[in-house]
Participant: 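Here it is: the structure, laid out below.
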Amino acid sequence: MKHLYEAITPRLKSFIERQKMFFVATSPLSEDGHINLSPKGYNTFRVLDSKTVAYLDLCGSGVETIAHVKENRRMVIMFCAFEGPPKIIRLYGKASVIAQHSNEYKRLIPIFPEFTGLRAIIKLDVTRVSGSCGFSVPLYKYEGERDQLEDWAKAKGKDWLTKYQEENNLFSIDNLGALDESDL
């Protein structure tokens with residue numbers, strides 16, 4: 001039922017690329033801090049190589065993932081098969097926030113589709129790859145993407161989004177630093 005892999009194999013990469021949704025989990029160092037688990041969608045995830053993945057971090061109401069990554073880098077990303085044969089893959093590792101003004105961002109951004117309200121790229125250096133059966137994960141039929149986030153960001157415009165991020169995305173709910181003004 002449980003499998004460990006040395007790296008992301010071509011077969012695992014193919015499975016990951018077929019998934020329409022993934023989940024990102026992070027935690028602050030403080031035992032009183034809030035653990036964060038975020039569902040992610042759209043076509044925002046890329047396998048860069050057998051030990052490195054990245055995804056686009058889009059503007060949202062919270063900024064827990066970025067704050068936790070900046071504090072301690074710990075992250076796990078989970079993929080579940082909601083269609084087809086059951087399977088769960090987890091990628092554990094050390095994450096980094098790739099800011100828009102960086103050379104690494106400029107190198108990576110061309111491999112992703114364009115999104116309004118993009119905050120950063122989150123990159124994960126994978127240290128552990130595990131799989132499990134997923135027998136209890138229900139079957140769901142994919143109907144399509146929700147347009148609301150992208151429509152909202154486009155309607156608000158870049159200046160409004162920058163102001164929103166200055167007001168809402170500089171600190172986590174546990175008051176950890178997240179975005180700073182050079183990230184905006």
Participant: Only counting residues at least two apart or in another chain, list the ones meeting salt bridge (charged side-chain N to carboxylate O under 4.0 Å, His left out) with R128.
Facilitator: none

Participant: Any donor and acceptor pair, going by atom type alone, linking the side chain of E83 with main-chain N or O of Y142 inside 3.5 Å?
Facilitator: yes

Participant: For a quick test of reading the model, state the closest non-hydrogen atom pair linking A153 to L161 and the distance between them.
Facilitator: O-CD1, 3.7 Å

Participant: Is there a donor-acceptor pair under 3.5 Å between the side chain of Q100 and the backbone N or O of L118?
Facilitator: yes

Participant: Please give me the minimum heavy-atom distance between M21 and P39, naming the atom from each residue.
Facilitator: SD-CB, 4.4 Å

Participant: Can you see which heavy atom on V24 is nearest to which on K40, and at what distance?
Facilitator: CG2-CG, 3.9 Å

Participant: Considering residues at least two apart in sequence or located in another chain, which fulfil the ring-ring contact (aromatic ring centres under 6.0 Å, His included) criterion with Y140?
Facilitator: F82

Participant: May I ask you to decide if the ring planes of H3 and Y5 are parallel, tilted or perpendicular, using 30° and 60° as cut-offs?
Facilitator: tilted

Participant: Please indicate whether I111 has more than 12 foreign heavy atoms, meaning atoms of other residues, nucleotides or ligands, lying under 6.0 Å from its CD1.
Facilitator: yes

Participant: Donor-acceptor pair, distance only, cut-off 3.5 Å: does the side chain of H101 make one with the backbone of S182?
Facilitator: yes

Participant: Would you mind checking if D183 and K70 are paired as a salt bridge, meaning a charged N to carboxylate O distance below 4.0 Å?
Facilitator: yes

Participant: Does either side chain, that of T65 or that of N36, offer a donor lying less than 3.5 Å from an acceptor on the other one?
Facilitator: yes

Participant: E167: which residues meet the salt bridge (charged side-chain N to carboxylate O under 4.0 Å, His left out) condition with it, sequence neighbours left out?
Facilitator: K163

Participant: Can you list everything that forms a side chain to side chain donor-acceptor pair (under 3.5 Å) with K87? Sequence neighbours excluded, please.
Facilitator: none

Participant: Quick one: side chain to side chain donor-acceptor pair (under 3.5 Å) pairs with a partner in residues 110-124, sequence neighbours left out?
Facilitator: D57-R119, E104-K123, T116-E150, R119-N169

Participant: What pairs with F22 under ring-ring contact (aromatic ring centres under 6.0 Å, His included), at least two apart in sequence or on another chain?
Facilitator: F45, Y55, F79

Participant: Let me know which of E71, E64, H34 forms a side chain to side chain contact (heavy atoms under 4.5 Å, CB included) with P28.
Facilitator: E71

Participant: Is the shortest side-chain heavy-atom distance between R90 and S132 below 4.5 Å?
Facilitator: yes

Participant: Does D159 have more than 12 heavy atoms from other residues, nucleotides or ligands lying within 6.0 Å of its CG?
Facilitator: no

